[in-house]
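Shown next, in structure tokens, is the structure this report addresses.
Below, all heavy atoms of this structure are taken into account, side chains as well, without hydrogens, waters or symmetry copies.
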Protein chains: 2
Amino acid sequence: MKKQGYTCGLDAAVDVVGGKWKALILWALHYAPLRFGELKRSVPGISEKMLIQQLREMETYGLVHREVHHQVPPKVEYSLTEFGHSLNTALIPLGDWGEKHMRTIEAIPRG
Amino acid sequence: MKKQGYTCGLDAAVDVVGGKWKALILWALHYAPLRFGELKRSVPGISEKMLIQQLREMETYGLVHREVHHQVPPKVEYSLTEFGHSLNTALIPLGDWGEKHMRTIEAIPRG
DNA sequence: CGGCATCCGAGAGGATACTG
DNA sequence: CAGTATCCTCTCGGATGCCG
């Protein structure tokens with residue numbers, strides 16, 4: 001979250017789901033609640049620092065719910081709120097687009 | 001563009017449309033081709049440097065077409081390719097989501 | 001297991017001035 | 001008008017180590 005006074009809906013959405021990881025985390029939680037470790041395995045390449053950082057942000061956004069189970073060993077589950085689910089749904093076409101054009105995208109020269 | 005070997009479609013899509021500006025630029029070109037100056041005015045807050053930088057990238061991605069009209073004064077028009085249009089279409093639900101929840105998003109405490 | 005603290009480099013992105 | 005060039009700041013994100 002960076003600014004206020006969005007000029008359009010996409011502007012606001014990008015602000016919420018922006019960055020390298022939030023969309024992927026949201027995606028991973030689509031099917032079921034996951035524990036921290038499970039989530040880490042579900043989002044390949046993410047560091048613990050980024051995962052917890054993004055989760056905290058998404059918690060304050062109201063996208064994600066954090067449930068602590070007081071056990072030994074500790075157990076913390078993350079799940080999507082209704083708000084999170086609605087955003088996830090809005091991301092489906094984008095995911096489909098990416099899947100469809102993945103070959104093309106991978107073939108783009110990088111620099 | 002950062003990596004190869006995407007784990008899912010959303011991963012690839014985020015890689016293409018990621019960053020602060022690309023989605024907004026794409027959005028601005030949705031209706032009609034725009035000149036550099038028009039585009040700058042259509043994406044409030046963007047600097048000339050970022051605009052040209054993002055446009056160049058999107059050109060190499062094949063999302064945007066750059067047409068130079070040799071005139072005095074110079075005239076350069078940017079338009080979406082079919083590929084760009086398809087991505088734009090995939091972004092519509094996200095834009096709708098953002099519009100719908102804009103009040104909520106603006107009300108989120110920022111850090 | 002589920003974190004937090006700290007350090008660090010790279011690059012994203014901004015401001016300003018200049019050019020064909 | 002449509003860019004370039006330069007400089008600068010600030011955040012993103014990785015690596016590592018420690019804690020209840």
Side-chain angles (χ1 to χ4, degrees), chain A residues 1-5 7 11 14-26 28-29 33-61 64-79 110-111, chain B residues 1-7 11 14-26 28-29 32-61 64-79 110-111:
Chain A
M1 308 295 292
K2 302 133 202 171
K3 54 184 173 181
Q4 312 229 19
T7 53
D11 193 2
V14 164
D15 207 6
V16 169
V17 84
K20 195 174 174 180
W21 299 113
K22 290 205 186 70
L24 285 313
I25 296 173
L26 219 59
L29 289 173
L34 290 178
R35 303 177 58 168
F36 185 83
E38 296 171 327
L39 206 42
K40 182 164 151 58
R41 281 186 292 277
S42 299
V43 185
I46 195 170
S47 66
E48 291 186 355
K49 172 188 165 181
M50 290 316 296
L51 181 54
I52 194 64
Q53 188 174 299
Q54 303 299 302
L55 281 170
R56 296 280 192 242
E57 278 188 49
M58 293 164 75
E59 219 188 321
T60 74
Y61 296 179
V64 161
H65 174 68
R66 180 173 182 269
E67 182 101 28
V68 182
H69 302 263
H70 292 284
Q71 308 174 353
V72 181
K75 173 175 175 179
V76 181
E77 276 196 332
Y78 294 90
S79 56
R110 14 217 109 218
Chain B
M1 308 297 291
K2 303 133 203 169
K3 55 186 170 181
Q4 312 229 17
Y6 300 111
T7 53
D11 193 0
V14 165
D15 207 6
V16 169
V17 83
K20 195 174 175 180
W21 299 112
K22 291 206 186 70
L24 285 315
I25 296 173
L26 219 59
L29 289 173
L34 291 178
R35 304 177 58 168
F36 184 85
E38 295 171 329
L39 206 40
K40 183 164 151 57
R41 280 186 293 277
S42 298
V43 185
I46 196 170
S47 65
E48 291 186 354
K49 172 188 165 183
M50 289 316 295
L51 181 53
I52 194 66
Q53 188 174 300
Q54 303 298 304
L55 280 171
R56 297 281 193 240
E57 279 187 48
M58 294 164 76
E59 219 187 320
T60 75
Y61 297 179
V64 161
H65 174 68
R66 179 173 182 268
E67 182 101 26
V68 182
H69 302 264
H70 292 284
Q71 307 176 353
V72 181
K75 173 175 176 180
V76 180
E77 276 196 331
Y78 293 89
S79 56
R110 12 217 113 217

Of the candidate nucleotides dC1(D), dG3(D), dG2(C), which contains the atom at the shortest distance from the side chain of I52(B)?
-> dG3(D)

Provide, to the nearest angstrom, the distance between the CG atom belonging to L24(B) and the P atom belonging to dG13(C).
-> 11 Å

Q54(B) atom CD is separated from dA2(D) atom C1', nearest whole Å, by 17 Å

Shortest non-hydrogen separation from P33(A) to E38(A) and the atoms involved | O-OE1, 4.4 Å

Atom CD of Q53(B) to atom P of dC7(D): distance rounded to whole Å?
-> 17 Å

Under 4.0 Å between a side-chain N/O of Y78(B) and OP1 or OP2 of dC1(D), yes or no?
-> no

Tightest non-hydrogen contact, residues A28(B) and L34(B), listed as O-CD1, 3.6 Å

side-chain N/O R56(A) vs dC4(C) OP1/OP2, d < 4.0 Å | yes

Let me know the distance between CG of D15(A) and C1' of dG13(C), rounded to the nearest Å.
-> 15 Å

L55(B) vs L39(B) side-chain heavy atoms within contact, under 4.5 Å = yes

Nucleotide nearest K20(B) when distance is taken to its side chain, options dG3(D), dG13(C), dG14(D) | dG13(C)

Identify, between P74(B) and S47(B), the residue whose nearest nucleotide on DNA chain C lies closer to the 5' end.
-> S47(B)

Is there a side-chain contact between Y78(B) and M58(B) (heavy atoms, below 4.5 Å)?
-> no

How long is the line joining CG of L55(B) and P of dA2(D), in whole Å?
-> 12 Å

Nearest-nucleotide pick for W21(B), side chain only, options being dG3(C), dG14(C), dG14(D) = dG14(C)

Can you tell me the distance, in whole Å, between the NZ atom of K40(A) and the C1' atom of dC1(C)?
-> 13 Å

pair V64(B)-R66(B): side-chain heavy atoms closer than 4.5 Å | no

Whole angstrom value for the distance that separates C1' of dG3(C) from CD of E59(A) | 13 Å

In whole angstroms, the gap separating C1' of dG3(D) from CD of E77(B) amounts to 16 Å

Of the candidates dG13(C), dG14(D), dG2(C), the side chain of M50(A) sits closest to dG14(D)

For dC1(C), take OP1 and OP2 only and decide whether either is under 4.0 Å from a side-chain N or O of R41(A).
-> no

Examine the base of dG13(C) for any acceptor or donor lying under 3.5 Å from a partner atom in the side chain of K49(B), and report the outcome as yes or no.
-> yes

E48(B) has a side chain; which of dG13(C), dA17(C), dG2(C) sits nearest to it?
-> dA17(C)

For dG2(C), does OP1 or OP2 lie under 4.0 Å from any side-chain N or O of R35(A)?
-> yes

Proximity to the side chain of F36(B) - top-ranked nucleotide from dG3(C), dA2(D), dC1(C) = dA2(D)

